[in-house]
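Residue numbers start from 1 in every chain, and the chains themselves are labelled A, B, ... in the order their sequence lines are given, proteins ahead of strands.
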2 protein chains.
Amino acid sequence: MARSPTTSDAFAAIAEPRRREILGVLAGSDGERDVTWLVEELGWPQPQVSKHLSVLREVGLVRVVRKGRRRMYSMNGEELRPVYDWVKTYERFWNHQLQRLKERAERMEREAKRKGPPSSHQTPPVNPDSN
Amino acid sequence: MARSPTTSDAFAAIAEPRRREILGVLAGSDGERDVTWLVEELGWPQPQVSKHLSVLREVGLVRVVRKGRRRMYSMNGEELRPVYDWVKTYERFWNHQLQRLKERAERMEREAKRKGPPSSHQTPPVNPDSN
DNA sequence: CGAATATATCCCTATATCGGAATATGTCAA
DNA sequence: TTGACATATTCCGATATAGGGATATATTCG
């Protein structure tokens, strides 16, 4: 087997920087855009733009409607949601400061209610099967 | 030129589902994990696990420390932040319902304050994803 | 030292990419 | 119809992957 096709997934499709760039300009410009407009905006050869658009199309990240001899592309960002949901799972890794503050605050609150002495307890094992 | 190497980017590295799976089990288990543990947990041949770990290592998504003859891997989620930040800029695409509600609420509030008649105004064209 | 354990690396094959260049397809206009 | 314009597709070459299998490198133990 080889690498997974770029068209298998939103994850695979956005692995290519140029494709992200296309999405960027498409989302930045309100509404629909011409291929020619994209070509001029990006400054790449037209076939390249078309090929990348083809990948994005196949994954559903962009939509097309034919308008005369032009094809109007627009972004379909909802297809990025799986990526968002996945990466959001790891939010705690860069929010740990905030999270620690929050946990500490909650701990203090609980202890204040109980009127017990403050415990110098480590962060409780969120995930138990630590060895 | 060929496709961008999987080691060029967090984007490229997580394009492979197996790599996401590794991150999943690593993040799920608190702290550090053995390669052998990963092999048993995932049920893949050991060289595959090692090879994927190598990619993740090179991108900085995991960290290793040698402990005797074992190598303890742990997740370094901060490296996912660029992905998060990028995808977050498209949040409005799946939050538009929420956003419309919010905008409508704010509009009503403003109008109530002014005691003017309710305007049947369309959402201001932040993003005209009107079809 | 020699054996066992833990992990990484090497070799191989099939596959798919990306870019470049040329060309095909489709549509409007005179 | 002929030609101009807009876009997609095809062919090419270089590259790199992912998985399979074998093996190399370390490290601990007896």
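Distances were taken from every side-chain heavy atom of B:R57 (C-beta onward) to each of C:dT17, D:dT17, C:dA8; the shortest belongs to C:dA8. For A:A2, counting side-chain heavy atoms from C-beta on, the closest listed nucleotide (D:dG21, C:dT15, C:dA8) is C:dT15. Here C:dC18 is the nucleotide among D:dT7, C:dC18, D:dC11 with the atom lying nearest to any side-chain atom of A:T6. Listed nucleotides D:dA8, D:dA6, C:dC18 differ in distance to A:R19; the shortest reach to its side chain belongs to C:dC18. In the set D:dT17, C:dC18, C:dA8, the nucleotide with an atom closest to the side chain of B:P5 is D:dT17.
A salt bridge does not link A:E21 to A:R18: none of the charged nitrogens lies less than 4.0 Å from a carboxylate oxygen. In this structure, B:E32 pairs ionically with B:K67, as a charged nitrogen and a carboxylate oxygen lie closer than 4.0 Å. Salt bridge A:E78/A:R81: absent, no basic N to carboxylate O contact under 4.0 Å.
Considering only side-chain N and O atoms, B:Y73 lies nowhere under 4.0 angstrom from the phosphate OP1 or OP2 of C:dA6.
The NZ atom of A:K51 sits 17 Å away from the C1' atom of D:dA6 (whole-angstrom rounding). Between the CD atom of B:E21 and the P atom of D:dG19 there is a distance of 11 Å, given to the nearest Å. Rounded to an integer number of Å, the gap from A:L38 CG to D:dA8 P is 10 Å. In this structure, A:M1 places its CE atom 11 Å from C1' of C:dT15, rounding to the nearest Å. In this structure, CG of B:D34 is placed 14 Å from P of C:dT5, rounded to the nearest angstrom. Across the protein-nucleic acid pair, A:R3 atom CZ and D:dG20 atom P stand 18 Å apart, rounded to whole Å. In this structure, the CG atom of A:L53 is 10 Å from the P atom of D:dT7, given to the nearest Å. A straight line from CG of A:L56 to P of D:dA8 spans 12 Å, rounded to a whole angstrom.
For DNA chain C, the neighbouring residues in residues 40-48 of chain B, judged by any heavy atom under 4.0 Å, are B:Q46, B:P47.
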Polar pairs (N or O, both sides) under 3.5 Å between protein and nucleotides 27-29 of chain C?
| residue | atom | partner | partner atom | Å |
| --- | --- | --- | --- | --- |
| C:dT27 | OP1 | A:R66 | NH2 | 3.1 |

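Contact annotation for A:S50: base contact, defined as any heavy-atom pair under 4.0 Å involving a base atom.
B:I14 has its side chain within reach of B:L80: a pair of non-hydrogen atoms, C-beta onward, lies under 4.5 Å apart. Considering only heavy atoms from C-beta on, B:V64 comes within 4.5 Å of B:R57 through its side chain. The shortest distance between side-chain heavy atoms of A:N76 and A:R63 falls below 4.5 Å.
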For side chain to side chain contact (heavy atoms under 4.5 Å, CB included), just list the numbers for B:I22 and B:L53, CA-CA rounded to whole Å, side-chain angles, deciding distance to a tenth of an Å, and then say yes or no. CA-CA 8 Å; B:I22 289 187; B:L53 282 173; 4.0 Å; yes
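With no hydrogens or angles considered, no side-chain donor-acceptor pair links B:T6 and B:E16 at under 3.5 Å. A:S50 and A:Q46 are linked by a side-chain donor-acceptor pair at a separation below 3.5 angstrom, with hydrogens and angles left out of the test.
Within the structure, ring pair (Phe, Tyr, Trp, His ring centres under 6.0 Å) pairs that include any residue of residues 10-60 of chain A comprise A:F11-A:W86 (at least two apart or interchain).
Checking A:R71 against A:R18, the closest nucleotide of DNA chain C that is more toward the 5' end is the one next to A:R18.
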